[in-house]
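Just so we're on the same page: letters track the sequence lines, and every chain starts at 1.
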Amino acid sequence: MLVKGQPQGINQYLMSEVRVRFAPSPTGSFHIGSARTALFNWLYARHTDGKFVLRIEDTDAARNTEEALEVLFKGMRWLGMDWDEGPEVDGGFGPYFQSQRGEIYKEYLGKLEAAGRTYEKEGAIFFKLEGERYTEFDEYHGKEMEKVRAEPVEIDDAIRGKVVRAETRDFVICRSDGSPTFHFVNVVDDITMKITHVIRGEDHLSNTSKHVELFNAFGVKPPQFAHLPLILKDPKMGKGKMSKRDKGSLIEEYEERHFLPAGVRNAIALLGWNPGDDREFMEIGEIIEAFDIKDIQKGAARFDEAKMAHINFQYLKQLPVESYAWFARPVLTEKGLISEDHNEDHLQRVLMICQEKITSLEALPEFCGYFFRDDYTIDPKAEKKVMKRGNAGELAAQVIASLESVSPDDWNVSGLEAAFTKLAADNGQEKPFMWWPMTRFAVSGVSGGPDFLPMLEVMGRDLVLGRLGKMID
RNA sequence: GUCCCGUUCGUCUAGCCAGGCCUAGGACACCGGGUUUUCAUCCCGGCGACAGGAGUUCAAAUCUCCUACGGGAUGCCA
């Protein structure tokens with residue numbers, strides 16, 4: 001029981017080890033909202049040196065499959081959220097699948113029965129509230145219903161403060177087919193797994209009065225609750241909270257689009273939380289250190305993919321080229337631009353000049369394809385621009401003549417620069433820039449790209465000369 | 001219908017608990033300029049908000065109340 005006058009907050013729970021849980025129901029996809037809930041629990045566990053428990057809420061057998069479970073595990077691992085207890089990691093409070101905890105639920109149901117807090121109706125077992133009973137017409141259900149004037153329960157929420165709410169109807173804790181319901185198993189598991197902090201979505205806040213009723217009936221002090229603001233969908237997509245069907249709502253999608261897990265994780269951490277200063281791009285250690293429940297937002301947030309892309313780019317930019325190549329290689333093989341065993345040194349030299357120019361790995365194949373293959377696409381706009389000068393062939397011939405004089409040993413930025421400078425001087429030009437756009441187009445098919453001279457160096461003598469030759473035709 | 005939660009730039013948010021330092025700060029997006037005779041990087045600038053009303057106070061984004069709007073719950077889904 002809470003003591004009157006005692007300051008509300010998390011302090012009173014700091015005496016014992018923090019135990020939090022993420023309790024998903026495997027549905028076959030890993031939603032941003034779920035990931036955020038998981039992440040906040042994980043961050044809090046890491047911040048407090050507590051335990052992060054993964055519990056699988058698979059009571060609805062029809063909906064749960066092996067594949068669905070795999071999607072969940074994969075998403076968790078991809079985001080780097082390891083669990084201290086849960087499937088494959090026994091912590092002494094298992095099993096961690098609700099479908100395997102039948103005996104425990106039976107035992108706890110027995111406790112409620114012994115206390116006279118249950119009754120059966122139409123084959124289902126109801127939890128019996130305490131209070132005066134009366135009948136009332138219910139607008140929502142459109143019929144007369146039995147209601148209870150139960151004492152309001154007080155929910156101590158670390159984000160919202162004290163929330164008072166009264167239940168008015170008995171609720172089912174065991175279905176007529178014998179299976180226990182969410183509210184019941186959730187509370188029993190939190191008790192038996194010694195969960196100290198329940199961090200979950202705000203959609204559960206109204207349900208929490210049911211849970212507190214159950215905790216009270218078991219004679220157990222409820223855990224510290226923290227109800228996270230919901231993530232709403234983009235108003236252009238409709239109203240309400242973001243759902244699996246909304247575009248951009250699934251973690252899998254960002255994995256497929258080659259976002260960096262650290263970037264996605266950083267962006268998700270900022271959904272309803274911030275460190276209290278202007279930091280946004282943060283290493284995971286920094287986030288763990290700064291993370292605290294009290295800094296979590298009350299109001300709902302809208303997920304903004306552009307912001308996530310921006311944070312992702314911050315990570316991409318600061319990656320050493322070796323790491324960048326490690327992430328980029330599968331992106332390029334996937335598109336058939338390079339083979340599995342493509343020379344690492346060449347790959348890195350290409351990426352070195354592309355990395356600073358490009359904001360996402362997703363855009364990489366289109367940006368650098370011409371380094372690896374001859375069947376690159378020609379941008380009609382760039383072509384038009386070059387061709388309208390009318391002397392493209394002539395310019396190409398001059399460049400070829402000039403670059404042919406550069407020996408393979410001198411084929412580098414300074415050697416190329418010297419050749420172009422000479423070319424300019426020989427033609428009474430101060431700078432060689434009039435030959436550049438044509439040359440760039442001839443070797444890449446586009447008008448933009450990496451810095452010009454480094455690009456030629458990396459492409460190599462044969463490729464550049466060969467493509468310029470084709471330009472004349 | 002009832003109950004619960006919420007509301008600061010288009011978006012994410014700082015500030016609110018401990019009222020003055022707020023002509024409300026940052027970031028994303030957008031717009032303009034510059035750099036780069038390429039460019040998606042980078043730099044500079046601009047745009048732009050305390051939901052409305054009443055009250056308390058010398059003073060309110062900050063405290064109180066009301067209204068509006070948004071969200072959630074009200075399932076033998078989780």
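Comparing atom distances between the A:W436 side chain and each of B:C12, B:U37, B:C4 picks out B:U37 as nearest. Of the listed nucleotides (B:C76, B:G71, B:C42), B:C76 has the atom at the smallest distance from the side chain of A:A124. Considering only side-chain atoms of A:F367, the nucleotide from B:A40, B:G71, B:C39 that sits closest is B:A40. Distances were taken from every side-chain heavy atom of A:H204 (C-beta onward) to each of B:A78, B:G1, B:C4; the shortest belongs to B:A78. Closest contact between the side chain of A:H141 and the listed nucleotides B:C4, B:C12, B:U74 involves B:U74. Counting only heavy atoms from C-beta on, A:R165 has its side chain closest to B:C4 among B:U11, B:C4, B:A78. Counting only heavy atoms from C-beta on, A:E122 has its side chain closest to B:C76 among B:A73, B:A78, B:C76.
Electrostatic pairing of A:R55 and A:D189 counts as a salt bridge here, judged by a charged N lying under 4.0 Å from a carboxylate O. One finds no salt bridge joining A:K335 and A:E366 here, because no Lys/Arg side-chain nitrogen approaches an Asp/Glu carboxylate oxygen to under 4.0 Å. The pair A:E286-A:R279 meets the salt-bridge criterion, since a charged nitrogen lies less than 4.0 angstrom from a carboxylate oxygen.
Comparing the P positions of B:C47 and B:G10 gives a spacing of 14 Å, expressed to the nearest Å. Comparing B:A59 with B:C21, their C1' atoms sit 14 Å apart, to the nearest whole Å. With both ends at atom P, the span from B:A54 to B:G45 equals 39 Å, rounded to whole Å. Spacing between B:G15 and B:A73 at atom P, rounded to whole Å, works out to 29 Å. Atom C1' of B:G75 sits at a distance of 24 Å from the matching atom of B:G70, rounded to the whole Å. The same atom, C1', is picked in B:G26 and in B:U37; the two are 35 Å apart, to the nearest Å. B:U57 and B:G71: their C1' atoms are spaced 34 Å apart (whole Å). Taking atom C1' in both B:A61 and B:C50, the straight-line distance is 5 Å, to the nearest Å.
Applying the salt bridge (Lys or Arg N to Asp or Glu O under 4.0 Å) definition to pairs two or more places apart or across chains, those involving residues 428-451 of chain A are A:K357-A:D451.
Rounded to whole Å, atom C1' of B:U11 lies 14 Å from atom CE of A:M242. Taking atom CD on A:E366 and atom C1' on B:C39, their separation rounds to 13 Å, with Å as the unit. The distance from atom CZ of A:F225 to atom P of B:C5 is 15 Å, rounded to the nearest whole Å. Regarding A:F433, its CZ atom lies at a distance of 10 Å from the C1' atom of B:U36, rounded to whole Å. Following rounding to the nearest Å, A:K143 (NZ) and B:U74 (P) show an atom-to-atom distance of 15 Å. Between the CG atom of A:L228 and the P atom of B:C12 there is a distance of 16 Å, rounded to whole Å. Rounded to whole Å, the distance from NZ on A:K162 to C1' on B:C3 is 19 Å. As a whole-Å value, the separation of A:R200 CZ from B:C77 C1' is 15 Å.
Nearer the 5' end of RNA chain B, as judged by each residue's closest nucleotide, is the contact made by A:D138, out of A:P437 and A:D138. Comparing A:K241 and A:T359 along RNA chain B, the residue whose closest nucleotide (by nearest heavy atom) sits nearer the 5' end is A:T359.
With no hydrogens or angles considered, a side-chain donor-acceptor pair links A:Q398 and A:W435 at under 3.5 Å. Side-chain contact of A:N186 with A:Q98: a donor-acceptor pair under 3.5 Å is absent, judged by distance alone. Checked by atom type, the side-chain pair A:R101/A:T192 shows a donor-acceptor distance below 3.5 Å.
Within 3.5 Å, a donor on the side chain of A:S176 pairs with an acceptor on the base of B:C76, or the reverse. Side chain A:N274 to base B:A14: no donor-acceptor pair is found below 3.5 Å.
A:N312 pairs by the side chain to side chain contact (heavy atoms under 4.5 Å, CB included) definition with A:F259, A:L260, A:L316, not counting sequence neighbours. Applying the side chain to side chain contact (heavy atoms under 4.5 Å, CB included) test to A:N412 and every residue at least two apart in sequence or in another chain returns A:S414, A:E457. Not counting sequence neighbours, the partners of A:P87 by the side chain to side chain contact (heavy atoms under 4.5 Å, CB included) test are A:L54, A:I56, A:F73, A:W83, A:Y96, A:F97. For A:K128, there are no side-chain hydrogen bond (donor to acceptor under 3.5 Å, both in side chains) partners two or more places apart in sequence or in a different chain. Take A:E113 and apply the side chain to side chain contact (heavy atoms under 4.5 Å, CB included) test, not counting sequence neighbours, and it matches A:L109, A:T118, A:I125. Qualifying salt bridge (charged side-chain N to carboxylate O under 4.0 Å, His left out) partners for A:E305, counting only residues two or more places apart in sequence or in other chains: A:R257. In this structure A:E167 satisfies the side-chain hydrogen bond (donor to acceptor under 3.5 Å, both in side chains) test together with A:R165, A:S209, sequence neighbours excluded.
Ring-plane geometry between A:H183 and A:H211 is classed as tilted, the angle between the planes lying from 30 to 60 degrees on a 0 to 90 degree scale. Relative ring orientation between A:F171 and A:F127 is described as tilted, the plane-to-plane angle lying within the 30° to 60° band.
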Could you list, one pair per line, each protein nitrogen or oxygen that sits under 3.5 Å from a nitrogen or oxygen of nucleotides 6-10 of chain B, together with the distance?
none

What does the list of N/O pairs under 3.5 Å between the protein and nucleotides 45-53 of chain B look like, with a distance for each?
none

Pull out every protein N or O sitting under 3.5 Å from an N or O of nucleotides 21-27 of chain B, one pair per line with the distance.
unit_1	atom_1	unit_2	atom_2	d
B:A27	O2'	A:E280	OE1	2.4
B:A27	O2'	A:K307	NZ	3.0
B:A27	N3	A:K307	NZ	2.8

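Partner assigned to B:G75 is none, using Watson-Crick or G-U wobble distances below 3.5 angstrom. Nucleotide B:G20: paired with B:C58 (Watson-Crick or G-U wobble, both distances less than 3.5 Å). Look at B:C31: its Watson-Crick or wobble partner, with both distances under 3.5 angstrom, is B:G45.
At least one donor-acceptor pair under 3.5 Å links the side chain of A:N427 to the backbone N or O of A:L423.
Between A:K317 and B:C42, a side-chain N or O to OP1/OP2 separation shorter than 4.0 Å is present. Contact between the side-chain N/O atoms of A:R169 and the OP1/OP2 oxygens of B:G75 is found at a separation under 4.0 Å. Between A:R36 and the phosphate of B:C12, there is no side-chain N or O to OP1/OP2 separation shorter than 4.0 Å. When the side-chain nitrogen and oxygen atoms of A:R175 are compared with OP1 and OP2 of B:C77, one or more of them lie within a distance under 4.0 Å.
Nucleic acid contact class of A:V164 (heavy atoms, under 4.0 Å, all strands): sugar-phosphate only.
The stretch residues 448-456 of chain A touches RNA chain B through A:G448, A:G449, A:P450, A:D451, each having a heavy atom within less than 4.0 Å of the strand.
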